[in-house]
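The next block holds one structure in the form of structure tokens; read it before the comments.
Along the sequence shown, residues are numbered consecutively beginning with 1.
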Amino acid sequence: RDFAEETIPEAVMKRILCFIIIICALISATGCGYATQRKRNQYLNLYEKEENFVSLTGKVTEVDNGENAQILKIECPDLLNYVSQKEYERIQYRVYSDLPLDLEVGETITFITVPAECEYSYTLSIVSVDKDGENILDFEKGKESLIAWANQLQYK
């Protein structure tokens with residue numbers, strides 16, 4: 001008997017290949033779901049600790065009213081007490097609010113953010129803003145929006 005001449009029937013080979021592809025797809029989907037859940041949990045653990053929130057003052061240098069969030073660039077040298085110079089140069093800020101805040105380039109604001117977010121992203125979330133002595137984004141409302149954002153994270 002010559003084993004070199006024996007072959008697996010084509011139909012069986014197709015079934016084996018389909019089975020392998022399905023198994024790989026399931027493993028991949030499970031891994032992506034795990035990674036997303038892990039990222040969501042990292043953010044939520046960060047946001048539940050009050051000591052992670054820091055109040056800073058800075059000058060608005062850019063404002064972009066995006067679809068899902070207002071994106072800002074802020075000149076804030078005090079942030080260097082929490083992040084490296086390299087991180088500082090890349091940071092932008094994300095404001096989650098029902099409506100964009102009334103902010104203009106050149107204004108000085110006091111804001112609350114989570115510098116430890118740099119561990120996961122170069123975008124820091126802003127959960128409170130004071131401008132000209134007036135609170136225009138309440139901390140509790142901002143934090144609630146931030147947690148809602150973290151809870152909706154999905155693999156893309």
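- Tracing side-chain contacts under 4.5 Å through hydrophobic residues (I, L, V, M, F, W, Y), one reaches V63 starting from L56; they form part of the same cluster.
- Not counting sequence neighbours, the partners of E62 by the side-chain contact (heavy atoms from CB on, under 4.5 Å) test are K73.
- Considering only residues two or more places apart in sequence or on other chains, S121 meets the side chain to side chain donor-acceptor pair (under 3.5 Å) condition with none of them.
- One distance of note links OG1 of T57 with CD1 of I109; it measures 8.5 Å at 0.5 Å rounding.
- Looking at L137 and V127, their side chains never come closer than 4.5 Å, going by heavy atoms from C-beta outward.
- Not counting sequence neighbours, the partners of E89 by the side chain to side chain donor-acceptor pair (under 3.5 Å) test are Q85.
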Could you pull out every donor-acceptor pair under 3.5 Å between side chains of residues 76-84 and any protein atom, sequence neighbours left out?
unit_1 : atom_1 : unit_2 : atom_2 : d
N81    : ND2    : D78    : O      : 3.3
S84    : OG     : E87    : N      : 3.1
S84    : OG     : E87    : OE1    : 3.4

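- Hydrophobic clustering of Ile, Leu, Val, Met, Phe, Trp and Tyr side chains at less than 4.5 Å, counting indirect connections, keeps V54 apart from V114.
- Once rounded to the nearest 0.5 Å, the distance linking CG of D130 with CZ of F111 reads 11.5 Å.
- Placement of I147 and I112 within a single hydrophobic cluster is found when ILVMFWY residues are connected by side-chain heavy-atom separations under 4.5 Å, directly or transitively.
- Partners of E117 under the side chain to side chain donor-acceptor pair (under 3.5 Å) rule, at least two apart in sequence or in another chain, are Y47, R94, S125.
- Remark: T113 OG1 to N52 CG distance equals 10.5 Å, nearest 0.5 Å.
- Looking at residues two or more places apart in sequence or on another chain, you find a ring pair (Phe, Tyr, Trp, His ring centres under 6.0 Å) between Y120 and Y43.
- Y93 and L46 are members of different hydrophobic clusters when ILVMFWY side chains are connected at heavy-atom separations under 4.5 Å.
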Acceptor/donor pairs from residues 100-108 side chains to any protein atom, 3.5 angstrom cut, sequence neighbours excluded:
unit_1 : atom_1 : unit_2 : atom_2 : d
E107   : OE1    : E104   : N      : 2.6
E107   : OE2    : K131   : NZ     : 3.3

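- Identified under the salt bridge (Lys or Arg N to Asp or Glu O under 4.0 Å) test for residues 132-143, with sequence neighbours left out: E50-K143, D98-K141.
- In this structure, P115 and L124 approach most closely via the heavy-atom pair O-CD2, 4.0 Å.
- I71 contributes atom CD1, which lies 9.5 Å from atom CD1 of I126 (distance to the nearest 0.5 angstrom).
- Residue I136 is grouped with residue I74 when hydrophobic side chains (ILVMFWY) are merged at heavy-atom distances under 4.5 angstrom, including chains of intermediate members.
- Here F139 contributes atom CZ and L146 contributes atom CG; the two are 9.0 Å apart, rounded to the nearest 0.5 Å.
- Looking at residues two or more places apart in sequence or on another chain, you find no side chain to side chain donor-acceptor pair (under 3.5 Å) involving E119.
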